[in-house]
Amino acid sequence: MTVKRRFLKKVLLVLSVLLCVPRCLSGTGTARSALMVVEGSEPDGEAQVSDDEDPEDLEVFQPTDQWQELRPGQAVPAGSHVRLDLQTGKREAKLQDSPGEEEEGGRQGTVNTESQTFTAQELKKALKHFKEAAVVPTDEEKEAAEALRAQFRPLDELKRDMEVLGMMMETDFQIMSRLLQQFNSSAASLEERVSALRELEYLVHQVDNAQDFITIGGLQLVIGTLNSSEAVLQEHAALVLGSALSSNPVVQVESVEGGALQKLLLLLATEQPLPVKKKALFAMASLLRHFPFAQQRFLKLGGLQVLEALFLSSGGASLRVRAVTLLYDMIVEKELILQHGLDPVPDASHEARLRQYAQVSLLPQLAERGWCGLVPELLASPEHDVREKALRALLAMMPPCRELYRGDRALAGALSLLQEQYQGLAESERGFGDEDGYFGELLGLVDSMLGKLR
């Protein structure tokens, strides 16, 4: 009996498998079955075969012409249109659209015209349409474009014009060369030569131009013009020289070697018109500032005597102030570089410059030449600027002149009067809210001077 049951069990199992295979292989079936082996509860332990249906496996999505949400596990019939909503993360399906039919939501084909999200295929198709669709401008658009184009010149034409202008544009070097030729021309009138010097003076203010001026021989020409018989040429030549010398060590060295110092001293020591002497003194100051070697030569050539004669000459009040200012600048310049150093980054020439400044014995020679008694005369000037320069020079000359100043009653009286005057003016400034005004500064100079004399 047992053998019979086992045989029947095997037959049922084979039949169940045979029945299940066609249904599982069929894609159009409306129902599916699951083959399960269930352990029997009979005493003999016999197994039973169950052909129960799984409802989830049997659920098939029924598409329509509207988008519907797909639930997990639903089967989708072949040929359906499936999409993934990127905003909700859910899948949707519907029947395929007929050709030319516009989809709901403004979707034409696979391009969504309303949604803010697009698939890769939608973007590719849109870009393809952009390339294929040629935009043909209207007649009005063409006319507007032509009108706009007519307002501007073509780039090639502008480039050609710029090249022509570049060929005609002179460099500063070329201009200076042309002006020197104009100055040297035998056919040039006096006005033309003066005009050339005026234009050169403007150009040589630049350091590079001044050095190029040496290269083309302009510096020697200007130095030679200081000996001209025409006062107006001497005046403008000295102005050109002073402008080229200003803060330009290369030109300073070339000028000293070219004899400019001697020629300038000669102009200051001889009878010359006042404009000539003013320009010569300006060139002298430009040559001596920050150039200790030239300052030594100036003292050896009798420069202090020349300035003294200039100071004592009648009708030269402006020259007196300029001479004292030059001496003050030289004194302070030497003190600063010996005590603190003027070079922010000392180079190889720094030590040599210190040695040269140490050899400039300006203060002893000023006391010896009587400048201690000359400078106080400027305090009688009614101009505050002249008084300021005199006070600063007196303070700078204090070491060799202190004893003379202490015994000078006229100087003490002048300082007392200035102190009283500037106290009132400084008080007026403070009344207007200016605590550090100009008159307060002058009062400080007077107080300092009186303090050193006590």
Side-chain angles (χ1 to χ4, degrees), residues 205 239 242-243 246-247 274-275 277-279 281-286 288-290 307-308 310-313 315-342 344 362-363 366 371-402 404-406 408-454:
H205 272 97
L239 182 60
S243 300
S246 298
S247 303
L274 183 59
K277 290 196 173 186
K278 284 184 177 180
K279 300 303 187 296
L281 190 56
F282 162 67
M284 176 77 71
S286 300
L288 297 180
R289 285 191 175 95
H290 306 293
L307 293 183
E308 181 183 352
L310 200 65
F311 188 94
L312 296 174
S313 63
S318 60
L319 295 178
R320 299 170 71 185
V321 177
R322 298 184 186 199
V324 171
T325 303
L326 173 59
L327 295 176
Y328 167 76
D329 290 343
M330 293 170 62
I331 295 171
V332 174
E333 176 186 312
K334 178 182 176 180
E335 291 180 353
L336 288 176
I337 196 169
L338 291 181
Q339 295 177 8
H340 308 288
L342 293 177
L362 178 59
L363 281 175
L366 285 174
W371 281 92
C372 296
L374 293 176
V375 177
E377 296 181 11
L378 296 178
L379 295 178
S381 173
E383 299 180 10
H384 300 294
D385 181 64
V386 175
R387 295 174 182 176
E388 177 192 358
K389 289 179 170 59
L391 288 170
R392 293 187 183 280
L394 289 172
L395 289 172
M397 296 166 57
M398 184 63 69
C401 302
R402 187 188 304 272
L404 178 62
Y405 290 161
R406 284 177 175 174
D408 190 345
R409 294 183 178 181
L411 176 60
L415 291 174
S416 298
L417 290 176
L418 291 176
Q419 184 182 42
E420 182 180 355
Q421 179 184 2
Y422 287 132
Q423 282 176 347
L425 293 173
E427 186 66 28
S428 300
E429 282 183 331
R430 288 191 290 270
F432 288 102
D434 192 356
E435 297 294 334
D436 300 320
Y438 178 64
F439 294 117
E441 182 181 353
L442 292 181
L443 178 60
L445 293 175
V446 174
D447 292 342
S448 178
M449 186 70 186
L450 289 173
K452 292 180 180 297
L453 295 180
R454 292 190 180 96

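It should be emphasised that the depicted structure is a prediction, and the values quoted were computed from it without experimental measurement.
Looking at Leu374 and Leu312, their side chains come closer than 4.5 Å, going by heavy atoms from C-beta outward. Side-chain contact between Leu453 and Leu415 is present, with heavy atoms from C-beta onward closer than 4.5 Å. Between Met449 and Val446, the closest side-chain pair of non-hydrogen atoms is not below 4.5 Å. In this structure the side chain of Leu327 never reaches within 4.5 angstrom of the side chain of Met397, judged on heavy atoms. Lys277 has its side chain out of reach of Arg322: every pair of non-hydrogen atoms, C-beta onward, lies at least 4.5 Å apart. Using a 4.5 Å cut-off on side-chain heavy atoms (C-beta onward), Leu362 and Trp371 make no contact. Proximity of Leu274 to Leu319: side-chain heavy atoms (C-beta onward) are separated by under 4.5 Å at one or more points. At a threshold of 4.5 Å between non-hydrogen side-chain atoms, the residues Asp329 and Leu288 do not count as touching.
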In sequence, state the C-alpha distance, the side-chain angles, and the governing distance for Leu418 and Leu442, and then conclude on side-chain contact (heavy atoms from CB on, under 4.5 Å). CA-CA 9 Å; Leu418 291 176; Leu442 292 181; over 6 Å; no
Give the intermediate values and the outcome of side-chain contact (heavy atoms from CB on, under 4.5 Å) for residues Glu383 and Val321. CA-CA 11 Å; Glu383 299 180 10; Val321 177; over 6 Å; no
Walk me through whether Met398 and Tyr405 qualify under side-chain contact (heavy atoms from CB on, under 4.5 Å). CA-CA 8 Å; Met398 184 63 69; Tyr405 290 161; 3.9 Å; yes
Step-by-step side-chain contact (heavy atoms from CB on, under 4.5 Å) determination, Leu281 to Leu310: CA-CA 10 Å; Leu281 190 56; Leu310 200 65; 4.2 Å; yes
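Residues Pro376 and Leu411 come closest through the heavy atom pair CB-CD1, 4.1 Å. Between Tyr328 and Ala396, the closest heavy-atom pair is CD1-CB, 3.8 Å. Minimum heavy-atom separation, Leu307 to Ala323: CD2-CB, 4.3 Å. In terms of heavy-atom proximity, Gly242 sits nearest to Ser286 at O-OG, 3.4 Å. Between Lys278 and Ser318, the shortest heavy-atom contact is CE-OG, 3.3 Å. Taking all atoms of both residues into account, the shortest heavy-atom contact from Leu404 to Cys372 is CD2-CB, 3.4 Å.
Remark: side-chain polar atoms of Ser448 are not paired, donor with acceptor, to backbone N or O of Gly444 under 3.5 angstrom. A donor-acceptor pair is defined here as one N or O able to donate and one able to accept, closer than 3.5 Å; such a pair exists between the side chain of Arg387 and the backbone of Ser381.
Classification of the Tyr422-Phe439 ring pair by plane angle, with boundaries at 30° and 60°, yields parallel.
To the nearest 0.5 Å, atoms CG (Leu379) and CD (Glu377) are separated by 10.0 Å. Distance check: Ile331 CD1 to Leu326 CG gives 10.0 Å after rounding to the nearest 0.5 Å. Atom CG of Asp385 sits about 8.0 Å away from atom OG1 of Thr325, to the nearest 0.5 Å. Atom-to-atom distance recorded for Leu363:CG and Cys401:SG is 7.5 Å, nearest 0.5 angstrom. Rounding to the nearest 0.5 angstrom, the gap separating the CD atom in Gln423 from the CD atom in Glu427 is 9.5 Å.
Note on residues 432-454: pairs passing salt bridge (Lys or Arg N to Asp or Glu O under 4.0 Å), not counting sequence neighbours, are Arg392-Glu441.
Of the N and O atoms on the side chains of Tyr438 and Glu429, not one donor lies less than 3.5 Å from an acceptor on the other residue.
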